[in-house]
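Letters A, B, ... mirror the listed sequences (proteins, then strands); counts begin at 1.
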Number of protein chains: 2
Amino acid sequence: MKKNNRIGALVDELTNNPCRLYDSKHFCEKFGIAKSSLSEDIKLVNEVFVENGTGHIESSSGVGGGIRYVPGISEEGIRKLQDKLIDKLEDPSRLLGGGFLYTSDLMYDGKLVDGMARVFCQKFHSLGADYVVTVETKGIPLAARTATLLNLPLVIIRRESMYSEGSTVSINYFSGSSDRIQKMSIAKRAVSQGAKAIVIDDFMRGGGSLKGVVEILGEFDIEVLASGIAIVSSEPAKKRVQNYTPIIYIDEIDEENRRIAARSNETL
Amino acid sequence: MKKNNRIGALVDELTNNPCRLYDSKHFCEKFGIAKSSLSEDIKLVNEVFVENGTGHIESSSGVGGGIRYVPGISEEGIRKLQDKLIDKLEDPSRLLGGGFLYTSDLMYDGKLVDGMARVFCQKFHSLGADYVVTVETKGIPLAARTATLLNLPLVIIRRESMYSEGSTVSINYFSGSSDRIQKMSIAKRAVSQGAKAIVIDDFMRGGGSLKGVVEILGEFDIEVLASGIAIVSSEPAKKRVQNYTPIIYIDEIDEENRRIAARSNETL
């Protein structure tokens with residue numbers, strides 16, 4: 001196989017298998033090349049990813065070593081993504097009353113979701129998580145994409161315990177947004193005792209829902225290593241949880257003057 | 001930019017933007033090359049996709065023409081995917097009683113979901129759909145991935161009408177699986193009158209849920225062009241809908257003998 005085709009084939013295989021660890025033998029055998037040639041190819045492919053702002057390749061040598069493609073996003077890419085989200089969020093036609101905004105179109109847009117998932121992958125890929133966890137429904141596409149980029153299984157916490165989930169563990173928690181007690185439920189066979197999780201969700205106000213997730217995972221001694229939230233309301237300033245990473249903050253929803261003020265998380 | 005790097009950059013950009021139509025000027029300007037060189041590059045990149053079994057490039061000339069990458073999967077890839085799904089589905093530890101199987105782990109597995117989404121993308125990409133539609137919850141990752149591969153917005157039909165969805169249209173329908181009347185609800189601003197949709201779901205028994213989807217979309221004069229369903233139960237043979245594409249059939253769930261029989265859809 002010619003070098004041009006090899007480079008193309010490498011980029012195609014790596015982008016389709018994010019965060020998968022490849023023994024270098026895999027590609028040497030596939031392409032019928034020596035390890036030195038593969039090293040050159042990998043160096044070039046890494047340059048392509050870095051140049052395109054789509055991630056980088058991690059190489060490690062020795063037993064258990066190999067190469068893996070870690071999807072990412074450039075600083076410019078993050079800024080553009082945030083600007084686009086802010087621009088869309090500040091459209092007053094999203095106002096639903098009661099301090100709610102319509103955001104489903106953003107959370108179900110493949111390009112926006114992929115950008116946000118790349119931010120979370122870049123930030124969380126080295127934490128050693130076993131699962132990506134979300135609560136149904138609106139954050140599922142973002143959590144699913146993040147899980148795929150991190151090469152981790154997705155776990156979806158349900159609002160009701162469903163028969164098709166088999167045996168479940170449920171908790172009740174206080175949701176500030178809806179001002180009432182809500183339920184969440186997780187399939188026992190979806191998770192292992194003592195595992196580690198990254199939580200992804202579309203929106204956070206007071207953090208009641210995220211606190212519920214921490215609590216229900218705690219029933220399995222599962223530690224939450226980090227939380228990535230697409231949109232976080234600045235109010236209330238005091239949240240029920242610490243340790244969350246927003247993409248965008250919403251500072252103000254002024255229904256009378258039909259004005260929404262959003263801003264970027266500058267610390268990504 | 002050297003040819004090697006250009007090939008890598010092209011594969012990276014195209015795989016990250018499936019089914020997006022690019023004017024050839026886009027890449028000529030980006031790489032500073034003539035149209036003839038780009039044609040050679042595109043030819044090579046198409047060979048890479050076809051060789052890897054990951055899709056192909058469509059080129060069209062003239063006004064409104066350009067190139068786009070259509071994700072796909074080889075015949076061998078489909079067979080391997082189906083074999084893997086059957087192998088996993090026939091594991092008796094999935095039996096939940098009442099004819100139910102635990103399948104969440106399969107529906108939340110990024111690699112399996114990507115494979116199934118590639119089958120649907122390959123089959124449905126030229127139908128001219130405006131949306132990919134699913135009903136929450138278990139089919140969302142598959143529907144979201146299919147929507148991304150087809151470069152279409154995702155629409156999620158909810159079981160309850162949520163305040164955060166704004167104004168909604170709801171219907172009641174008969175679900176044979178749960179043997180009762182259920183509700184589904186769609187946000188008015190999620191869809192446009194007279195559009196065309198592809199429906200994706202994780203499971204179908206009698207087709208009551210899919211018939212409900214056709215009906216609720218009919219409230220907006222939206223035509224369902226095709227339906228892709230991961231797993232379809234062979235029983236009952238008479239479904240409430242026609243025109244659906246399964247990946248896998250389940251022929252038998254024998255709880256007494258703890259035996260599950262699944263088979264491939266051979267017509268993909």
Check whether [X] gets within reach of chain A through its side chain, its backbone, both or neither, counting any heavy atom under 4.5 Å.
{"X": "A187(B)", "result": "side chain"}
{"X": "D105(B)", "result": "neither"}
{"X": "N16(B)", "result": "both"}
{"X": "R145(B)", "result": "side chain"}
{"X": "E165(B)", "result": "both"}

Can you tell me which of [options] forms the most heavy-atom pairs within a distance under 4.5 Å of chain A?
{"options": "V132(B), N17(B), L152(B), D41(B)", "value": "N17(B)"}
{"options": "L149(B), D109(B), L44(B)", "value": "L44(B)"}
{"options": "G97(B), P71(B), A147(B)", "value": "G97(B)"}
{"options": "S104(B), S167(B), S164(B), A190(B)", "value": "S164(B)"}

Fill in: Contacts with chain A made by residues 154-162 of chain B (heavy-atom distance under 4.5 Å), listed by residue number
L154(B), I156(B), R158(B)

Given a strict heavy-atom distance threshold of 4.5 Å, which part of [X] is in contact with chain B: side chain, backbone, both, or neither?
{"X": "R6(A)", "answer": "neither"}
{"X": "K2(A)", "answer": "neither"}
{"X": "F100(A)", "answer": "side chain"}
{"X": "L101(A)", "answer": "backbone"}
{"X": "T15(A)", "answer": "side chain"}
{"X": "F203(A)", "answer": "neither"}

Item to complete: Kindly assign one of parallel, tilted or perpendicular to the pair H56(B) and H125(B), based on the angle between their ring planes and the thresholds 30° and 60°.
Response: perpendicular

Practice prompt. Count the heavy atoms of every other residue, nucleotide or ligand shown that sit under 6.0 Å from CD of E51(A), and state whether that count exceeds 12.
Written response: no

Practice prompt. May I ask you to check whether over 12 heavy atoms, not counting those of K84(A), lie within 6.0 Å of atom NZ?
Written response: no

Worksheet, complete the sentence: Residue from I7(A), T148(A), D12(A), T54(A) scoring the most non-hydrogen pairs under 4.5 Å with chain B is D12(A)

Worksheet item: Taking A9(A), G110(A), A144(A) one by one, which has the highest count of heavy-atom pairs under 4.5 Å against chain B?
Response: A9(A)

Practice prompt. Please answer whether the main-chain N or O of S192(B) pairs with a side-chain N or O of Y131(B) as donor and acceptor at a distance below 3.5 Å.
Written response: yes

Worksheet item: Can any side-chain N or O of E90(A) pair as donor or acceptor with the backbone N or O of A262(A) at less than 3.5 Å?
Response: yes

Search all heavy atoms of [X] against all heavy atoms of [Y] and return the closest pair with its distance.
{"X": "Y108(A)", "Y": "P141(A)", "result": "CD2-CG, 3.9 Å"}
{"X": "I186(A)", "Y": "L217(A)", "result": "CD1-CD2, 3.9 Å"}
{"X": "L96(A)", "Y": "G166(B)", "result": "CD2-CA, 3.5 Å"}
{"X": "D201(B)", "Y": "V135(B)", "result": "OD1-O, 4.2 Å"}
{"X": "R94(A)", "Y": "Y102(A)", "result": "NH1-O, 2.6 Å"}

Discussion item. Assess the residue pair H26(B) and R20(B) against the criterion (side-chain contact (heavy atoms from CB on, under 4.5 Å)); give the C-alpha distance rounded to whole Å, side-chain angles, the decisive distance to 0.1 Å, and a yes or no.
Written reply: CA-CA 12 Å; H26(B) 173 91; R20(B) 172 175 160 187; 4.2 Å; yes

Discussion item. Is it true that K138(A) and T103(A) share a donor-acceptor pair across their side chains at a distance under 3.5 Å?
Written reply: yes

Worksheet entry | side-chain contact (heavy atoms from CB on, under 4.5 Å) evaluation trace for E58(A) with Y69(A) | CA-CA 6 Å; E58(A) 279 185 1; Y69(A) 163 58; over 6 Å; no

Discussion item. I'd like to know if K30(A) and E13(A) make a salt bridge, using a cut-off of under 4.0 Å between side-chain N and carboxylate O.
Written reply: yes

